[in-house]
Participant: 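Have a look at the structure that comes next, please.
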Amino acid sequence: MQRYGRFAILLHWLVGLALIGQVVFGVLLDDIAPRGTPSRGMVVNLHKSIGIVLAVLVVVRLGWRLRHPPPDWPETMARWQRRAAALNHRLLYACMIVTPVSGYVASNFSKHGVKFFGVFLPPWGPDLPRIYEVLNGLHDAAAYLLVALVVAHVLGALKHALVDRDGVFSRMWPAPSRGHGPGR
Ligand code: HEM
Ligand code: HEM
């Protein structure tokens, strides 16, 4: 069975798990540093900085993916399942882009701008609270859609691993080291 390449697998797990962490960080922002407390700015800017790094990694990942076609689906996989999986992957990529970009653009319509790991990047847009609010709403909505897509994605992956056992899960899992015979 064909597999994803090593770089694709590395980026899948690195970026995927980091994104889950970033969603949790976003949801907990108000608990970690409530609005009006001294640490609020530092904590929100840490979220912004990590988010920008993740956006760069997502672009690298998508660029790599566009030059390296994924393995073919197994013959046994129904047509509707292939379509559903392909749609899930496209929407995941869309949310992985829209979430950080909307957050970044929103920050540029606020006087706070972004402090990227301590370096102030002056906002390139005017201070427009209404625009900031709309873009931030898009940021939050895209992040929640991402969560819903990840839940469906993980359930699908687990079904392949535990029920279908058709190799779709193991082709995204790091390859066993050499000398252990053919892949699982
Ligand atoms: C892929 C990366 C990112 C993910 C998954 C993510 C996710 C989230 C989530 C789940 C929230 C909480 C939403 C809520 O409480 O309803 C949040 C809040 C926030 N994010 Fe992000 N974020 C990312 C990147 C960014 C970036 C790049 C920026 C700005 C440069 C940013 C700025 C903010 C701000 C200012 C808030 C708090 C504002 C608010 O919603 O009240 N985020 N983020
Ligand atoms: C944590 C549990 C996760 C599991 C078990 C998992 C499993 C998998 C598997 C088995 C594939 C390969 C599917 C195929 O062969 O077509 C895959 C692909 C993919 N996964 Fe995940 N994944 C997880 C988390 C994530 C997360 C958090 C994201 C994004 C936020 C993500 C985004 C993707 C994307 C976009 C693809 C398509 C790869 C491509 O063809 O470019 N995954 N995942």
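Every heavy atom of this structure was used, including side-chain atoms; hydrogens, water molecules and symmetry mates were not. Indexing begins at 1, ligand by ligand and atom by atom, following the structure's order.
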Participant: Any non-hydrogen side-chain atom of D164 less than 4.5 Å from a side-chain atom of T76?
Facilitator: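 Not touching, per the 4.5 Å side-chain cut-off.
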
Participant: Using a strict 4.0 Å cut-off to heavy atoms of T99, name the atoms of ligand 1 that fall inside it.
Facilitator: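 Within the 4.0 Å cut-off of T99, ligand 1 contributes 3 (C), 4 (C), 5 (C), 6 (C).
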
Participant: Which of the atoms of ligand 2 are close to Y4, meaning less than 4.0 Å from one of its heavy atoms?
Facilitator: 12 (C), 14 (C), 15 (O), 16 (O), 38 (C), 39 (C), 40 (O)

Participant: Out of all atoms in ligand 2, which are within 4.0 Å of some heavy atom of L19? Include the element for each.
Facilitator: 30 (C)

Participant: Taking only heavy atoms of A157 into account, list the atoms of ligand 2 that are under 4.0 Å away from them.
Facilitator: 5 (C), 7 (C)

Participant: According to a 4.5 Å side-chain heavy-atom criterion applied to Ile, Leu, Val, Met, Phe, Trp and Tyr, with indirect links allowed, do Y132 and W124 form part of one hydrophobic cluster?
Facilitator: no

Participant: Quick one: which of G26, G21, G137 has a heavy atom closest to atom 9 (C) of ligand 1?
Facilitator: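 Comparing heavy atoms across G26, G21, G137, the nearest one to atom 9 (C) of ligand 1 lies in G26.
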
Participant: Which heavy atom of A142 sits nearest a heavy atom of V98, and at what distance?
Facilitator: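 Reported closest heavy-atom pair: CB-CG1, 4.0 Å.
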
Participant: Name the orientation class of the two ring planes belonging to H12 and H153 (parallel below 30°, tilted from 30 to 60°, perpendicular beyond 60°).
Facilitator: tilted

Participant: Using modelled atom types and a 3.5 Å cut-off, is there a donor and acceptor pairing between side-chain atoms of N45 and backbone atoms of G41?
Facilitator: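 Such a contact is found between N45 side chain and G41 backbone.
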
Participant: For the pair I131 and L135, evaluate side-chain contact (heavy atoms from CB on, under 4.5 Å) and give the outcome as yes or no after the intermediate values.
Facilitator: CA-CA 6 Å; I131 303 280; L135 287 167; 3.8 Å; yes

Participant: Distance check, rounded to the nearest 0.5 Å: L29 atom CG versus H47 atom NE2?
Facilitator: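 Interatomic distance, L29 CG to H47 NE2, rounded to 0.5 Å: 5.5 Å.
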
Participant: Return the CG to CZ distance between L54 and R61, rounded to the nearest 0.5 Å.
Facilitator: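 L54 CG to R61 CZ: 11.5 Å, rounded to 0.5 Å.
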
Participant: Checking the N or O distance criterion of under 3.5 Å, is ligand 1 in contact with Y104?
Facilitator: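 No, no N or O pair falls under 3.5 Å.
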
Participant: Just which atoms of ligand 2 are under 4.0 Å from any heavy atom in V154?
Facilitator: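 In order of numbering, the contacting atoms are 2 (C), 3 (C).
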
Participant: Starting from atom 25 (C) of ligand 1, what is the nearest protein heavy atom, named by residue and atom, and what distance separates them?
Facilitator: H139 CE1, 3.3 Å

Participant: Should A55 be listed as contacting ligand 1, given a heavy-atom distance under 4.0 Å as the test?
Facilitator: no

Participant: Can you tell if the side chain of P71 reaches within under 4.5 Å of the side chain of Y4, non-hydrogen atoms only?
Facilitator: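 Yes - at least one pair of side-chain heavy atoms lies under 4.5 Å apart.
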
Participant: A side-chain contact here means heavy atoms from C-beta on lying under 4.5 Å apart; do D30 and R40 qualify?
Facilitator: yes

Participant: Could you check atom 1 (C) of ligand 2 against the protein and tell me its nearest heavy-atom contact, residue, atom and distance included?
Facilitator: W13 CZ3, 4.0 Å

Participant: Examine V44 and M42 and state if one hydrophobic cluster contains both, with Ile, Leu, Val, Met, Phe, Trp and Tyr joined whenever side-chain heavy atoms are less than 4.5 Å apart.
Facilitator: yes

Participant: Taking a hydrophobic cluster as the set of Ile, Leu, Val, Met, Phe, Trp and Tyr residues connected by side-chain heavy atoms closer than 4.5 Å, whether directly or through intermediates, do V24 and V58 fall within one such cluster?
Facilitator: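 Shared cluster, yes.
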
Participant: In the protein, which heavy atom is nearest to atom 39 (C) of ligand 2, and how far is it?
Facilitator: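 So the nearest neighbour among protein heavy atoms is R65 NE, 3.1 Å.
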
Participant: Taking the side chain as every heavy atom from C-beta outward, state whether R65 and Y93 have any atom pair closer than 4.5 Å.
Facilitator: yes

Participant: Considering non-hydrogen atoms of the protein only, which is the closest contact for atom 32 (C) of ligand 2, and what is the distance?
Facilitator: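 So the nearest neighbour among protein heavy atoms is L92 CD1, 3.6 Å.
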
Participant: Backbone or side chain, does any N or O of Y144 fall under 3.5 Å from an N or O of ligand 1?
Facilitator: yes

Participant: Which residue and atom name correspond to the protein heavy atom nearest atom 13 (C) of ligand 1, and how close is it?
Facilitator: D140 OD1, 3.4 Å

Participant: Which protein non-hydrogen atom lies closest to atom 37 (C) of ligand 1, naming both residue and atom, and how far is it?
Facilitator: L29 CD1, 3.8 Å

Participant: Is it true that K115 lies under 4.0 Å from ligand 1, counting heavy atoms only?
Facilitator: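 K115: no contact with ligand 1 (<4.0 Å).
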
Participant: Would you mind checking which non-hydrogen protein atom is closest to atom 34 (C) of ligand 2, with the distance to 0.1 Å?
Facilitator: R61 NH2, 3.4 Å

Participant: Can you tell if the side chain of L138 reaches within under 4.5 Å of the side chain of V105, non-hydrogen atoms only?
Facilitator: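 They are not in contact (no side-chain heavy atoms under 4.5 Å apart), so the answer is no.
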
Participant: Out of M172, H12, R90, R82, who is nearest to atom 6 (C) of ligand 2 when you count heavy atoms only?
Facilitator: H12

Participant: For atom 33 (C) of ligand 1, what's the nearest protein heavy-atom neighbour? Residue, atom name and distance, please.
Facilitator: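 Here the closest protein heavy atom is H47 CD2, 3.5 Å.
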
Participant: Look at atom 41 (O) of ligand 1 and say which protein heavy atom is nearest, naming residue and atom and giving the distance to 0.1 Å.
Facilitator: R35 NH2, 3.2 Å

Participant: List ligand 1 atoms under 4.0 Å from A143, heavy atoms only on the residue side.
Facilitator: 7 (C), 10 (C)

Participant: May I ask you to decide whether R171 forms a salt bridge with D166, counting only side-chain N to carboxylate O separations under 4.0 Å?
Facilitator: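 Salt bridge absent between R171 and D166.
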
Participant: To which protein heavy atom is atom 2 (C) of ligand 1 closest, and what is the distance rounded to 0.1 Å?
Facilitator: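 Nearest protein contact, heavy atoms only, for atom 2 (C) of ligand 1 is Q22 CG, 3.7 Å.
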
Participant: Given side chains that start at C-beta, do those of F117 and V53 come closer than 4.5 Å, heavy atoms only?
Facilitator: yes

Participant: Are any of the side-chain heavy atoms of H160 and M77 separated by less than 4.5 Å?
Facilitator: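 Of all side-chain heavy-atom pairs linking M77 with H160, at least one is under 4.5 Å.
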
Participant: Name the closest protein heavy atom to atom 27 (C) of ligand 2, giving the residue it belongs to and the distance to 0.1 Å.
Facilitator: G16 O, 3.4 Å

Participant: To the nearest 0.1 Å, how far is atom 29 (C) of ligand 2 from its closest protein heavy atom, and which atom is that?
Facilitator: M96 SD, 3.9 Å

Participant: Taking N or O atoms only and a 3.5 Å limit, does R171 qualify as a polar contact for ligand 2?
Facilitator: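 It does: an N or O of R171 is found under 3.5 Å from an N or O of ligand 2.
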
Participant: For ligand 2, which atoms sit closer than 4.0 Å to a heavy atom of W73?
Facilitator: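 Those atoms are 16 (O).
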
Participant: Which residue from P100, C95, S107 reaches closest to atom 26 (C) of ligand 1 through any of its heavy atoms?
Facilitator: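 Comparing heavy atoms across P100, C95, S107, the nearest one to atom 26 (C) of ligand 1 lies in P100.
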
Participant: At the 4.0 Å heavy-atom cut-off, does Y132 count as touching ligand 1?
Facilitator: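 True for this residue.
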
Participant: At what distance is the nearest protein heavy atom to atom 38 (C) of ligand 1, and which residue and atom is it?
Facilitator: N136 ND2, 3.4 Å

Participant: Going by the closest heavy atom to atom 24 (C) of ligand 2, which one wins out of H153, Q2, H160?
Facilitator: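 Closest candidate by heavy-atom distance is H153.
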
Participant: Could you tell me whether some N/O pair between K48 and ligand 1 is separated by less than 3.5 angstrom?
Facilitator: no

Participant: Check ligand 2 against V150 and write out every atom of the ligand that is under 4.0 Å from a heavy-atom position of the residue.
Facilitator: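 Contacts of ligand 2 toward V150, numbered from 1: 27 (C), 30 (C).
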
Participant: Are the side chain of S102 and the backbone N or O of T99 linked by a donor-acceptor pair below 3.5 Å?
Facilitator: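 Yes.
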
